[in-house]
**Student:** 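Here it is: the structure, laid out below.
Basis for what follows: all heavy atoms, side chains included, without hydrogens, waters or symmetry-related copies.
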Amino acid sequence: MRIAALMLTLTVAPLVAAAQTMPSPVPQSEIFTREEIGHALAPPTPEAGRTAPSIANAPEDDGQWTMPSKNYASTRFSSLTEITPNNVKDLKPDFSFSLAVNKGQEAAPIVADNTMYVVTAYPNIVYALDLTKPGAPLKWIFAPKPAPASQGLACCDVVNRGGTVSNGKYIFNTLDGQTIAVDVKTGSAVWRTQLGDINRGETITMAPLVAKGRVYVGDSGGEMGVHGWIVALDENSGKLLWRGYSTGPDAQVLIGSDFKPHYPSDQGKDLGVQSWPPQAWEIGGGAVWGWVTYDPELDMIYHGVGNPGPWNNEQRPGDNKWTAGIFARDPATGSARWHYQYSPHDERDYDGVNEQILLDMPFAGKMQKVLIHPDRDGYLYVIERNTGTVLSADPFAPVNSTKGIDLQTGRPIINPAKQVRLGETVRDICPTASGGKDWNPSSFSPQTGLLYIPHENICMDWTSAEVNYIAGTPYVGALVLMKPGPGGNRGELTAWDPVQRRPAWAVKENFPIWSGTVVTAGDLVFYGTMDGWFKAVNARTGDLLWRYKVDSGIISQPISYRGPDGHQYIAVLSGVGGWAGAVVSGPVDPRDGSAALGMVNVMSDLPKYTTAGGALYVFSLPH
């Protein structure tokens, strides 16, 4: 398969035999403490109110799960309470279903009107299962048949992060750049719109967001020199309504008179051109491959922007706007309202595409409307979401690439000792290129006030190299070799208190956690591990209460829903893969530490613990 060719092509070094031995962990002495680099504009004031999403952003739970994020607030919180810390030990499989695709499965199952919908990794098959009948038999199958050549363009496995149900349609994306709406009753296509061009390296792996009759979709391909974009489609017809680019002149980025960024470095004309070398913005990446969030209260969408290209930062001097940051846009027109750049002139592939959770939270003695974002750079950002002002930024994972976030300028304080330079190898950079956490989403419980962050504890050695752009081929320019972070555990589940700006508890895992989390009103957090364990822990203490071994590692998004019988069910997909699991789903040579953009160096032992797979598992209590 061509995916294997890409994973091996994205290197600049020959076979690294030493990858068969796990590298030594980065010493704790290399890492800054939270007290050293965490900053806030004001001290905690929990007495000012209770942290929770608004009713507009998180309506009353009807027991369904119609979008990957559960609601517009993106809390991934289920109000169901049947399964509790006292009885979760009795949780048993209710039914399972083979996906017939043994690649990385990152999607969330979707449940609407007693039907479950699942979309697979390439070839992006959609299954509809009837939950009213024993064993949930098939209602229909939709096979979109995406272009086989698209497999060779996916940087980090041929994954798909799910679809959504809205107004009688299941809407999802395909690897070759299509968005498709399927009639939920018949399984027939209502419309399909070609958005990406695989000849330019564009693919689509993200889950679409549907809001107010519009479908929001962004591209992948930051390692292929794409010109990143986000679009809005008409939900009923699939017609393109607007397209906003991540780089280029203000007119292309949809920046006009309504654009009012908070920080001076984001203010000015055509910064999407001026902050790049001539024409470099045209192949500068900035893909919108992560999460898009709609805010009904403020009538804005928020979306992250991926890394600039190439990874060799010396080929693109300047801030490289508007990559590695977040946009707030008018949902009807795409007009930019504000932007904040997490990583100006990104040196380490710190995409800004991770989830954003919309909450009302006490800060500086009053309730504020905030956006909470755990970034690849290792910081948990609390942002006032009407203006884009950063209220606090604290490390939730090991960090030494920066010395904190300057809250007056909004810019990271660069650590000179970890700056990368052409031809030099800089060692023990934390976090690694895939970040303190990657795309896999956190969940928030209004009962505990905690954010449950599934993340990594991985660092890296980095060597920049010259690279030339050829359309549709890798445009990277760096040799990366990843290694465990302090302590040697490569993953961690952290329960974070955003008001107090500190962890409440943490659970260490051998492998990076690449699944999402779901938290329930029964005070349980569910997540999966890359070696194939599906786990439930106490949401207040982190104590392990239940686990179940599935056929393959888990990198998907678990959900909780109410079945037609009124009982609570938990669903998750197995199927290891993605960037971290490429050594299993590749095929990738586990002896080549530079393969899969350096991830194999820290994951070469994963094939000893799990195999490729792909299945749906649904659990419930005996009843």
**Student:** Counting N and O atoms only, with roles assigned by atom type, does the side chain of Q368 sit under 3.5 Å from a partner on the main chain of V370, one being a donor and the other an acceptor?
**Tutor:**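 Flag not set: sc Q368 to bb V370 has no pair under 3.5 Å.
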**Student:** If only side-chain N and O atoms count, and only distance matters, is there a donor-acceptor pair under 3.5 Å linking S515 with S556?
**Tutor:**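 Judged by distance alone, the side chains do not pair up.
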**Student:** Is there a donor-acceptor contact under 3.5 Å linking the side chains of H39 and S392?
**Tutor:**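 No, no side-chain donor-acceptor pair sits under 3.5 Å.
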**Student:** Side chains of F32 and P398, heavy atoms from C-beta outward: is any pair under 4.5 Å?
**Tutor:**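 No; the side chains remain at least 4.5 Å from each other.
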**Student:** Can any side-chain N or O of N354 pair as donor or acceptor with the backbone N or O of P374 at less than 3.5 Å?
**Tutor:**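 Yes.
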**Student:** When you look at D258 and R337, which way does the salt bridge (Lys or Arg N to Asp or Glu O under 4.0 Å) test go after all the steps?
**Tutor:** CA-CA 6 Å; D258 292 336; R337 302 272 189 85; 5.4 Å; no
**Student:** Between H303 and T293, is there a side-chain donor-acceptor contact under 3.5 Å, judged purely by atom types and distance?
**Tutor:**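 Looking only at side-chain atoms, H303 and T293 do not form any donor-acceptor pair under 3.5 Å.
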**Student:** Does a donor on one side chain and an acceptor on the other come within less than 3.5 Å for S220 and T205?
**Tutor:**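 T205 and S220 do have a side-chain donor-acceptor pair below 3.5 Å.
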**Student:** Would you name the heavy atoms of F396 and L380 that are closest together and state the gap between them?
**Tutor:**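 So the two residues come closest at CD2-N, 3.6 Å.
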**Student:** Hey, does F259 have a side-chain heavy atom less than 4.5 Å from the side chain of D250?
**Tutor:**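 No, side chains not in contact.
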**Student:** Tell me whether Q341 contacts the main-chain N or O of D319 through its side chain, where contact means a donor paired with an acceptor under 3.5 Å.
**Tutor:**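 Present.
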**Student:** Are S275 and N320 linked by a side-chain donor-acceptor pair shorter than 3.5 Å?
**Tutor:**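 Not at all, the side chains of S275 and N320 share no donor-acceptor pair under 3.5 Å.
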**Student:** Using side-chain heavy atoms (C-beta onward) and a distance below 4.5 Å, is C155 in contact with M224?
**Tutor:**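 When only atoms from C-beta onward are counted, M224 and C155 do not touch, as no gap falls below 4.5 Å.
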**Student:** Does one side chain, of N307 or E223, offer a donor that lies under 3.5 Å from an acceptor on the other?
**Tutor:**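 There is such a pair between these side chains.
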**Student:** Answer whether the closest heavy-atom distance between the side chains of C459 and I429 falls below 4.5 Å.
**Tutor:**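 Result no, sub-4.5 Å side-chain heavy-atom pair not found.
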**Student:** Taking T517 for its side chain and S443 for its backbone only, find out whether a donor-acceptor pair lies under 3.5 Å.
**Tutor:**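 Here the side-chain-to-backbone pair exists.
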**Student:** Using the side chain to side chain donor-acceptor pair (under 3.5 Å) rule, take E456 and T432 through it: C-alpha gap first, then chi angles, then the decisive distance, then the call.
**Tutor:** CA-CA 9 Å; E456 310 169 40; T432 188; over 6 Å; no
**Student:** Looking at Q408, I want to see if its CD is surrounded by more than 12 non-hydrogen atoms of other residues, nucleotides or ligands under 6.0 Å.
**Tutor:**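 Atom CD in Q408 is not crowded, with 12 or fewer foreign heavy atoms closer than 6.0 Å.
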**Student:** So V420 and N313, do their side chains get closer than 4.5 Å, heavy atoms only?
**Tutor:**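 Contact flag for N313/V420 side chains = yes.
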**Student:** Flag the pair Q315 / Y475 as yes when at least one side-chain heavy-atom distance between them is below 4.5 Å, and no otherwise.
**Tutor:**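 Yes - at least one pair of side-chain heavy atoms lies under 4.5 Å apart.
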**Student:** Just by distance, no angles: are the side chains of Q252 and W229 close enough, under 3.5 Å, to form a donor-acceptor pair?
**Tutor:**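 No, because no side-chain N or O of Q252 sits under 3.5 Å from a partner of the opposite role on W229.
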**Student:** Side chain to side chain donor-acceptor pair (under 3.5 Å) for Y379 and T402? Distances and angles first, verdict last.
**Tutor:** CA-CA 10 Å; Y379 291 91; T402 57; 2.8 Å; yes
**Student:** List the steps, then state whether side chain to side chain donor-acceptor pair (under 3.5 Å) holds for S464 with W462.
**Tutor:** CA-CA 7 Å; S464 292; W462 179 296; 2.9 Å; yes
**Student:** Report yes or no: does R502 contribute a side-chain atom to a donor-acceptor pair with the main-chain N or O of D497 at less than 3.5 Å?
**Tutor:**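 Judged by distance alone, no pair lies under 3.5 Å.
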**Student:** Between R490 and F511, is there a donor-acceptor pair closer than 3.5 Å when you use the side chain of the first and the backbone of the second?
**Tutor:**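 Side chain of R490 to backbone of F511, a donor-acceptor pair under 3.5 Å: no, none is there.
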**Student:** Is there a donor-acceptor contact under 3.5 Å linking the side chains of W289 and D351?
**Tutor:**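 There is such a pair between these side chains.
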**Student:** Contact between Y381 and I405 at the side-chain level, heavy atoms closer than 4.5 Å - yes or no?
**Tutor:**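 In contact.
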**Student:** Donor-acceptor check, side chain of D406 to backbone of P412, threshold 3.5 angstrom: yes or no?
**Tutor:**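 No, D406 side chain to P412 backbone: no donor-acceptor pair under 3.5 Å.
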**Student:** Could you tell me whether the side chain of N601 and the main chain of S594 form a donor-acceptor pair under 3.5 Å?
**Tutor:**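 Pair absent, no side-chain N/O of N601 close to backbone of S594.
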**Student:** Got more than 12 heavy atoms from elsewhere within 6.0 Å of CZ, R243?
**Tutor:**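 Atom CZ in R243 is packed in, count exceeds 12.
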**Student:** Is the distance from the ring center of H373 to that of Y342 below 6.0 Å?
**Tutor:**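 Yes, the ring of H373 comes within the 6.0 Å limit of the ring of Y342, centre to centre.
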**Student:** Does one side chain, of E282 or Y469, offer a donor that lies under 3.5 Å from an acceptor on the other?
**Tutor:**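 No donor-acceptor contact under 3.5 Å links the two side chains.
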**Student:** Does the E36 side chain pair with the main chain of T33, one donor and one acceptor, at a distance under 3.5 Å?
**Tutor:**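 Yes, because the side chain of E36 sits within donor-acceptor range (under 3.5 Å) of the backbone of T33.
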**Student:** Using 30° and 60° as the class limits, which term best fits the ring planes of W514 and W579: parallel, tilted or perpendicular?
**Tutor:**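 W514 vs W579 ring planes: perpendicular.
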**Student:** Okay, side chain of E106, backbone of V159: is any donor-acceptor separation there less than 3.5 Å?
**Tutor:**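 Such a contact is absent between E106 side chain and V159 backbone.
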**Student:** For R161 versus P68, what's the shortest heavy-atom pair and its separation?
**Tutor:**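 Smallest interatomic distance, heavy atoms only, reads O-CG, 4.3 Å.
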**Student:** Quick one: do the D176 and Q178 side chains pair a donor with an acceptor below 3.5 Å?
**Tutor:**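 The answer is yes; a qualifying pair exists.
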**Student:** Looking at side-chain heavy atoms only, is the closest gap between L254 and W242 below 4.5 Å?
**Tutor:**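 Counting from C-beta outward, L254 and W242 do come under 4.5 Å.
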**Student:** Compute whether any side-chain donor of one residue and acceptor of the other, for H262 and T387, lie under 3.5 angstrom apart.
**Tutor:**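 Side chains of H262 and T387: no pair found under 3.5 Å.
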**Student:** Could you label the plane-to-plane angle of the F327 and W322 rings as parallel, tilted or perpendicular, counting under 30° as parallel and over 60° as perpendicular?
**Tutor:**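 Tilted, since the angle between the ring planes falls between 30° and 60°.
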